[in-house]
Trainee: 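What follows is a single structure, and I will ask about it in a moment.
Hydrogens, waters and symmetry mates play no part in the numbers below; they use all other heavy atoms, side chains included. Small disclaimer: the values here were computed from a predicted structure and weren't measured. A note on names: the letters A, B, ... follow the listed sequences, proteins ahead of strands, and every chain is numbered from 1.
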Number of protein chains: 2
Amino acid sequence: MSSRPPVFDGLDRKIITALTANARSSFAEIGAAIGLSATAVKRRVDRLREAGVITGFTATVKPSALGWRTEAYVEVYCDGAAPPRRLAEVVRNHPEISAAMTVTGGADALLHVRATDVEHFEEVLERIRTEPFIRKTISYMVLSHLLPESPEAGASQPAPKDTPGHAPDMR
Amino acid sequence: MSSRPPVFDGLDRKIITALTANARSSFAEIGAAIGLSATAVKRRVDRLREAGVITGFTATVKPSALGWRTEAYVEVYCDGAAPPRRLAEVVRNHPEISAAMTVTGGADALLHVRATDVEHFEEVLERIRTEPFIRKTISYMVLSHLLPESPEAGASQPAPKDTPGHAPDMR
DNA sequence: AATGAAATATTCAAAGC
DNA sequence: GCTTTGAATATTTCATT
């Protein structure tokens, strides 16, 4: 439980906003925008990282440019009571799963899956269904995005397997 | 149609990986790691941005630290044929919607919603249901994550409304 | 906590290979 | 297209208020 008291103030919030908009802005730039010296900005950023508010800095990549052109949400149903800990292990076995969570509703878990194409996605799905206590899956393929895609660390996922026939040529 | 030929090579891919891991690494640092001069790295990064492969650099933030402690996926069902363009407008009216897409399956769209708490989430849901042609919604609350949360630009969303009673004190 | 100043690094554009 | 060079900026540490 318990929201410890927030460890940041309005200036920190502005810094977070600035860094979220552009993680490569200089401290001097940010400082100029919010009325603080570069030194002061750096100290606050260090503190925010220390406190776990800012967890990192990442480049955002267009997944399709990296060869990930197929995206789906997959509901997972398990045999018996699904222990979240075991589920987490299963999920980590499949690099195409980019997000996974337990949810309310009928399903035991919801997965976000990225694949190079539909053929690859089918292969992933078969692999997941093979796992010990997975009973069934229901997939919802993403057709189009209604908002600019929220930043996803496209390249923190492994490169699409270059199994011929599956992966686009990355040269 | 058509995947234009990939606009990057193996060195570019390594650069993308490095920047995804830490968007604030210096070009010199990256160059040292992959055997290129800082200048060469910068040129490639500029080209990758130009080409739309790298879309930006962002700080990753722990949503709960910013006061977003409630998360859900919401299936949306519309009256008649839902024109994606109209749906996109609706979605933009609600800052709590952090991702939205059309999907296969029964629903017309799937939304990812972040709220400060369950009370706030209910308010968002009521607001969405009020929109002209939304017929019904089905929500799946996120209980726990099975993978480390993929970077989300927590602060690109507006600050949680500081309506007393809804938003945590950000001081 | 914020500031200012000095030492060290980084970025960026020009020129040559 | 990569490297080197050098000038302009940015970062970081430390002393000061």
Trainee: Excluding sequence neighbours, so at least two apart, what forms side-chain contact (heavy atoms from CB on, under 4.5 Å) with R86(A)?
Mentor: P83(A), E89(A), V90(A), P132(A), F133(A)
Trainee: Not counting sequence neighbours, which residues clear side-chain contact (heavy atoms from CB on, under 4.5 Å) with A21(B)? List them please.
Mentor: none
Trainee: Tracing side-chain links under 4.5 Å among I, L, V, M, F, W and Y, which residues wind up in one group with Y73(A)?
Mentor: Y77(A), M101(A), V103(A), L110(A), I138(A), Y140(A), V142(A), Y73(B), Y77(B), M101(B), V103(B), L110(B), I138(B), Y140(B), V142(B)
Trainee: Between which nucleotides of DNA chain C, read 5' to 3', does contact with chain A run, using atoms under 4.0 Å from its heavy atoms?
Mentor: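 Terminal contacting nucleotides, 5' to 3': dA1(C) to dT11(C).
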Trainee: For A28(A), which residues count as a side-chain contact (heavy atoms from CB on, under 4.5 Å) partner, sequence neighbours excluded?
Mentor: S26(A), A38(A)
Trainee: Going by the rule side chain to side chain donor-acceptor pair (under 3.5 Å), which residues pair with S144(A) if we only count those two or more places apart in sequence or in a different chain?
Mentor: T102(B)
Trainee: Would you list the pairs meeting salt bridge (Lys or Arg N to Asp or Glu O under 4.0 Å) in which at least one residue belongs to residues 16-42 of chain A, sequence neighbours left out?
Mentor: K42(A)-D46(A)
Trainee: V74(B) vs F121(B), test: side chain to side chain contact (heavy atoms under 4.5 Å, CB included). Steps then yes/no.
Mentor: CA-CA 11 Å; V74(B) 178; F121(B) 177 68; 3.9 Å; yes
Trainee: What one-letter contact string describes nucleotides 3-17 of chain D from 5' to 3', where B marks a base within less than 4.0 Å of any protein heavy atom, S marks contact via sugar-phosphate atoms alone, and - marks no contact?
Mentor: BB-----SSSB----
Trainee: Applying side chain to side chain donor-acceptor pair (under 3.5 Å), can you list everything that pairs with T55(A), at least two apart in sequence or on another chain?
Mentor: T60(B)
Trainee: Who passes side chain to side chain donor-acceptor pair (under 3.5 Å) against D12(A), sequence neighbours left out?
Mentor: R44(A)
Trainee: Using C1' atoms of five pairs at each end, report the bend of the helix from dA1(C)-dT17(D) to dC17(C)-dG1(D) rounded to 10 degrees.
Mentor: 30°
Trainee: Once you apply a heavy-atom cut-off of 4.0 Å, does R47(B) come out as touching a base, just sugar-phosphate, or nothing?
Mentor: nothing
Trainee: Write out all pairs satisfying salt bridge (Lys or Arg N to Asp or Glu O under 4.0 Å) with one or both partners inside residues 128-141 of chain A, taking only residues at least two apart or from two chains.
Mentor: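 Residue pairs with at least one partner in residues 128-141 of chain A: there are none.
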